[in-house]
2 protein chains.
Amino acid sequence: MTPQPGSAGDVLTLISAGSATTRSDLARLTGLARSTISQRVDALIERGLVEETENGESTGGRPPRQLRLHTEDHAFAGVDLGATHCRVALMDISGNVLAECEDSMLIGEGPEKVLAHVDQRLDRLLGTAGRPRSALRAIGIGVPGPVEFATGRPNNPPIMPGWNDYPVPDYFDGVEVLVDNDVNVMALGEHRNSFADAGHLLFVKVGTGIGCGIVAQGRLHRGAQGSAGDIGHIRVSGHEDAGCRCGNSACLEAVAGGAAIARRLTELGLAAETGADVVALVQAGNTQALRLVREAGRLIGEVLASLVNFFNPEVIVIGGALSRVHEHLLAGIRETVYRRSLPLATHHLSITPSRTGINAAVLGAGMLAIEHYLSPDNINRIVNA
Amino acid sequence: MTPQPGSAGDVLTLISAGSATTRSDLARLTGLARSTISQRVDALIERGLVEETENGESTGGRPPRQLRLHTEDHAFAGVDLGATHCRVALMDISGNVLAECEDSMLIGEGPEKVLAHVDQRLDRLLGTAGRPRSALRAIGIGVPGPVEFATGRPNNPPIMPGWNDYPVPDYFDGVEVLVDNDVNVMALGEHRNSFADAGHLLFVKVGTGIGCGIVAQGRLHRGAQGSAGDIGHIRVSGHEDAGCRCGNSACLEAVAGGAAIARRLTELGLAAETGADVVALVQAGNTQALRLVREAGRLIGEVLASLVNFFNPEVIVIGGALSRVHEHLLAGIRETVYRRSLPLATHHLSITPSRTGINAAVLGAGMLAIEHYLSPDNINRIVNA
DNA sequence: GTAACTTCCGCCGAAGATCGAACAAAGCCT
DNA sequence: AGGCTTTGTTCGATCTTCGGCGGAAGTTAC
């Protein structure tokens with residue numbers, strides 16, 4: 001059932017969201033008596049979930065004791081698995097990064113090897129942060145492919161050989177594990193860290209391919225089969241000749257993705273294989289590369305213009321490898337969206353580069369873990385145990 | 001705050017959703033003691049919200065007393081305002097239509113005249129249904145244009161002269177009034193009446209123009225400015241010559257809407273002005289009209305293919321005037337969507353004509369009113385008053 | 001037909017949760 | 001220093017919920 005209002009979990013949610021920092025705040029917000037709130041807070045302190053800090057500002061009377069999430073004793077991990085990299089961040093309960101690391105890693109080596117790698121990194125990070133393994137409460141993992149979120153099993157991922165239907169959470173003992181598509185966790189990370197008050201947000205990742213994470217009413221929209229946001233294979237007009245690995249032609253990804261731009265640069269006699277090569281060329285001032293990136297922006301903008309009309313978001317965030325040259329990409333996107341979408345939808349729309357940048361995925365994966373752990377239901381379970 | 005679990009409102013929700021029809025069911029579902037449930041139910045019966053009916057089937061012991069929403073004493077209205085018509089339905093608390101009516105009416109005559117018309121129809125319907133005016137608890141209204149849902153004020157509607165920013169709810173005294181875009185209420189009506197267990201649904205209305213209502217996680221998605229679902233002005237490829245009333249060209253509506261098809265038929269020397277004329281020609285077996293409708297289906301399908309990749313719905317419902325010839329429209333839509341969308345997204349996707357048909361809007365508007373009235377918060381307010 | 005069994009429902013005392021008043025604590029203001 | 005204001009705690013009163021008991025109303029077995 002839905003959580004009890006004013007329950008311990010509810011109280012903790014208000015504290016973690018920053019809506020309330022004192023007992024009086026909580027009493028006002030929940031409508032419960034001060035004595036009841038004290039009781040709840042005591043229970044949360046006893047369980048090590050909340051701590052009191054030095055007194056706050058007096059407003060003419062006794063200064064209130066500040067409350068905040070107890071950052072010791074608990075740890076959470078965000079894991080960002082890419083085709084060729086692995087980033088892990090250890091966070092405390094309020095989302096601050098305690099330690100992080102990054103290395104090259106090939107996801108194609110299969111789940112056992114990759115997860116062993118992650119596990120080892122986790123141990124090391126726990127060591128540097130000085131927390132025991134038992135402090136780790138939940139792990140969020142973003143992977144480069146579709147996932148059945150409820151079970152944490154990848155669902156026919158094209159670039160993750162050996163991972164199909166592999167039960168990722170089972171690999172870790174005694175910890176809750178949440179697995180989601182990388183673009184989804186990036187959207188979550190960006191929303192929670194930079195646009196927490198926006199109700200509806202799109203995170204567009206422009207890298208080798210193109211994908212999109214959707215936040216609707218503050219929550220991730222995954223769709224019926226968990227495949228929502230797969231905008232890389234939306235058709236764009238006037239590029240019927242561009243074949244895509246999905247079998248169709250004129251897919252957005254096949255004409256505006258990093259790999260596609262690199263291919264076209266190669267045709268022009270420039271050495272480029274990946275999105276990173278494209279970025280390097282643009283940063284070196286190559287006009288051909290710059291032109292193609294801007295053109296890609298216009299094509300992405302054409303698709304986004306449709307999605308703006310349809311979804312009417314408040315914010316569109318552009319991330320991924322190519323957002324490193326976001327001035328050029330954004331110019332093309334903005335130009336097209338503002339020309340092709342309805343004024344009512346674009347009037348209060350902002351289109352910005354990612355603020356969390358390269359960390360969007362680890363942060364989002366960590367938030368996924370933390371929010372799961374802090375959900376009122378889970379907290380009530382812990383407190384009443 | 002969130003409603004109390006197992007509160008009177010919660011209990012009523014379970015009854016109204018049909019999840020529970022006896023006190024024992026409620027006890028099982030809520031986890032509350034049987035005695036507590038009895039107390040809740042008594043309160044609801046006392047307030048006239050629930051009634052007991054004759055005994056149900058015994059399962060080996062004493063047969064349970066059936067519970068259901070008390071259909072007397074309350075009434076709700078759904079109002080469907082179109083450019084040239086007005087439909088009103090009076091419903092009881094469980095959504096059954098008690099009486100309905102339909103007449104021609106020009107929305108351009110302005111809010112005072114139109115709402116007076118609605119008010120008069122309401123009185124007449126209340127009379128035939130034998131209920132006093134005081135029984136009317138809430139009214140839902142669907143209008144052909146954008147609305148700021150929170151305030152019930154139309155927001156620069158193109159085909160509703162005189163309505164801009166008019167506070168529709170203020171016109172009615174002592175009744176709660178909810179105003180929303182017509183496509184949104186149609187989506188709601190179709191979802192609640194035919195696809196209640198689908199989480200994500202799109203309702204596409206193909207009439208003079210083209211619009212879309214979005215149900216995400218069982219709730220209407222209205223977007224940041226309430227303009228979500230405005231797919232009529234999404235660009236379709238290969239029709240740059242087709243100018244649209246919005247100022248852009250190649251808008252979906254400008255090439256596949258009823259008005260656009262009629263215009264092209266006129267160019268071919270056939271008498272057609274509206275979507276209804278197109279339908280008549282198709283039904284008369286005119287091959288030109290049939291070809292154009294099928295072609296329109298393909299164009300709509302092209303846009304929907306994008307939206308399927310992006311949103312990953314479970315169901316797409318096709319409604320509106322042109323859905324009367326849905327065999328032809330759907331053929332084009334299905335063909336394109338299944339070819340252009342990703343297999344993972346289309347595998348469990350069903351694309352069907354509207355089952356509620358012409359009544360989608362009134363039913364949806366009524367559901368909007370009923371659901372507002374039956375929301376746990378509102379019921380708790382009533383019971384605790 | 002009757003006895004045993006099952007399920008449903010209301011009653012009531014016990015246990016638990018919440019409230020609010022009273023009081024103590026801690027700083028501000030004059 | 002003494003009053004004022006706001007915060008936090010203690011504690012008895014009140015309200016809510018629980019769960020056992022018994023009566024009601026059927027079904028099943030014999």
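Chain A is the first sequence line, chain B the second, and so forth, proteins listed ahead of strands; every chain is numbered from 1. The model shown is predicted, which means the values in this text are computed figures rather than measured ones.
The side chain of B:Arg40 contributes an N or O atom lying less than 4.0 Å from OP1 or OP2 of D:dT17.
Taking CZ from A:Arg137 and CG from A:Leu374, the interatomic distance works out to 11.0 Å, rounded to the nearest 0.5 Å.
Computed from coordinates, the B:Arg23 CZ to D:dC18 C1' distance equals 18 Å when rounded to whole Å. Per the geometry, CG belonging to B:Leu26 stands 14 Å off P belonging to D:dT17, to the nearest Å. Rounded to an integer number of Å, the gap from A:Leu32 CG to D:dC15 C1' is 15 Å. What separates CD of A:Gln39 from P of D:dT10 is a distance of 11 Å, to the nearest Å. Spacing between atom CD1 of B:Ile37 and atom P of D:dT17 amounts to 10 Å, rounded to whole angstrom units. Look at CG on B:Asp42: it is 14 Å from P on C:dC12, rounded to the nearest Å.
Candidate nucleotides D:dT9, C:dT18, C:dG10 were compared by shortest atom distance to the side chain of A:Ser38, and D:dT9 ranks first. The side chain of A:Ala33 has C:dG20 as its nearest neighbour among C:dG20, D:dT9, D:dT7.
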For the pair A:Glu52 and A:Arg68, evaluate salt bridge (Lys or Arg N to Asp or Glu O under 4.0 Å) and give the outcome as yes or no after the intermediate values.
CA-CA 7 Å; A:Glu52 288 183 337; A:Arg68 69 172 183 206; over 6 Å; no

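Using a cut-off of 4.0 Å between Lys/Arg side-chain N and Asp/Glu carboxylate O, A:Glu148 and A:Arg153 are scored as not salt-bridged. B:Arg222 has a carboxylate O that lies under 4.0 Å from a charged side-chain N of B:Asp180, or vice versa, which qualifies the two as a salt bridge.
In this structure a side-chain-to-backbone donor-acceptor pair under 3.5 Å is missing from A:Thr36 to A:Leu32. In this structure, the side chain of A:Thr356 does not engage the main chain of A:Asn359 through any donor-acceptor pair within 3.5 Å. The backbone N or O of A:Gly199 sits less than 3.5 Å from a side-chain atom of A:Glu314, completing a donor-acceptor pair.
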Nucleotides 21-30 of chain C: protein proximity per nucleotide (B base, S sugar-phosphate only, - neither; heavy atom, under 4.0 Å):
-B--BBBS--

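DNA chain D lies under 4.0 Å from no heavy atom of any residue of residues 44-52 of chain B.
The distance between the ring centers of B:His221 and A:His221 does not fall below 6.0 angstrom.
Between B:His74 and B:His70, the angle of the ring planes goes over 60°, which puts this pair in the perpendicular group of the 30/60° scheme.
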